[in-house]
Amino acid sequence: ISLNGGCSTIPTTTGNNAIGLNSWQHIATTINSDTVRIYVNGILSNTFTGVSFNTTNSLTAYFGKFLNPNNASQKYHLKGYLDEMAIWGRKLTDQEIYTLVYGTSSAPSIPSTVPMSGLIGYWPFDGNANDLSVNQNHGTVSGAVLSNDRNGAALKSYYFDGIDDLITVPTLNFPVGGTARTFAFWVNYSSSIQPSPFNDMSSALSYGAVSANCTQMSVLLTNNGKI
């Protein structure tokens with residue numbers, strides 16, 4: 001994963017652990033003060049300190065796409081599946097992230113395994129791209145198609161073709177500036193090799209400013225299979 005922070009003194013933070021292709025895995029990242037933590041399948045994978053993040057605004061968010069402000073041809077479309085996207089305006093604890101992956105719940109809407117404190121958006125992709133949080137940042141789907149989730153249930157994840165599929169999301173109450181935040185989602189990553197030779201990364205989510213000096217706040221899957 002490559003984590004871009006907007007207008008940052010250290011704009012990119014990249015983990016070191018490989019993630020496998022064509023299998024479901026849970027990814028979470030937390031930002032708190034100058035510390036970034038990356039989790040894979042509920043387990044802390046990497047910690048980075050001395051990182052400065054400054055997301056200048058919360059312009060439209062994208063699932064499955066990232067815009068490179070210095071090269072309009074580079075859009076970093078995801079090829080693969082996304083499910084259970086969630087954003088919090090705080091740093092989740094190790095236990096909360098572990099429970100996201102391994103906890104069980106029979107709740108009909110937001111599962112009890114999903115912490116409600118600080119929840120900004122929760123998109124379970126159960127037949128649509130609606131946000132079940134109080135902010136109701138419902139997504140608009142462009143090209144992505146509903147598919148099976150990690151448990152084989154039909155119409156409970158979205159597949160992105162790596163070419164032009166995306167989900168556009170409004171950003172009411174998304175974290176900006178250097179405030180604490182957590183991103184979490186399930187991904188089944190097919191490939192980071194895009195049709196354009198320049199597009200060597202794939203975006204799970206992005207939002208915020210785009211200019212020559214400021215990238216979007218984004219979580220990118222890199223072409224070397226690392227997180």
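For the numbers below, each heavy atom of this structure counts, side chains included, while hydrogens, waters and symmetry mates do not.
The shortest distance between side-chain heavy atoms of Ile97 and Thr99 does not fall below 4.5 Å. Counting heavy atoms from C-beta outward, Tyr158 and Leu146 have side chains that approach closer than 4.5 Å. Side-chain contact check for Val36 versus Thr49: every heavy-atom pair is 4.5 Å or farther apart. At least one side-chain heavy atom of Arg150 sits under 4.5 Å from a side-chain heavy atom of Glu84. With a 4.5 Å cut-off on side-chain heavy atoms, Leu78 and Phe63 do not count as touching. Contact check for Gln25 versus Val40: side-chain heavy atoms found under the 4.5 Å cut-off. No side-chain heavy atom of Ser190 sits less than 4.5 Å from a side-chain heavy atom of Leu21. The closest side-chain heavy-atom distance from Leu82 to Ser157 is not below 4.5 Å.
Thr182 places no side-chain N or O within 3.5 Å of a backbone atom of Thr30 that could act as its donor or acceptor partner. Between the Asn137 side chain and the Val169 main chain, no donor and acceptor come within less than 3.5 Å of each other. Between the side chain of Arg90 and the main chain of Ser117, a donor-acceptor pair closer than 3.5 Å is present.
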Inset, instruction - Take Phe48 and Thr35 through the test side-chain contact (heavy atoms from CB on, under 4.5 Å) and record every step on the way to the result. - result: CA-CA 6 Å; Phe48 303 89; Thr35 301; over 6 Å; no
Inset, instruction - Show your reasoning for whether side-chain contact (heavy atoms from CB on, under 4.5 Å) applies to Leu44 and Arg37. - result: CA-CA 7 Å; Leu44 180 63; Arg37 293 177 174 85; 3.7 Å; yes
Inset, instruction - Verify side-chain contact (heavy atoms from CB on, under 4.5 Å) between Ile110 and Leu119, making sure each step is shown before the conclusion. - result: CA-CA 11 Å; Ile110 299 181; Leu119 184 66; 4.0 Å; yes
Inset, instruction - Applying side-chain contact (heavy atoms from CB on, under 4.5 Å), run through Trp88 and Tyr122 and close with a yes or a no. - result: CA-CA 9 Å; Trp88 290 263; Tyr122 176 66; 6.0 Å; no
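Other members of the hydrophobic cluster containing Trp186, listed by chain and number, are Trp24, Ile43, Tyr81, Tyr98, Val101, Tyr102, Val145, Tyr159; membership follows side-chain contacts under 4.5 Å among ILVMFWY residues, whether direct or relayed.
Aromatic ring centroids of Phe185 and Trp123 lie 6.0 Å or more apart.
In this structure, OG in Ser206 is found 10.0 Å from CZ in Phe183, a value given to the nearest 0.5 Å. With rounding to the nearest 0.5 angstrom, the CG atom of Asn22 is 6.0 Å from the CG atom of Asn188. Taking OH of Tyr62 as the start and OG1 of Thr60 as the end, the distance is 5.5 Å to the nearest 0.5 Å.
When all heavy atoms of Val176 and Arg181 are compared, the pair lying nearest together is O-NH2, 3.4 Å.
Checked options Asn46, Thr29, Asp94; the residue passing with Tyr39 is Asp94 (criterion: side chain to side chain donor-acceptor pair (under 3.5 Å)).
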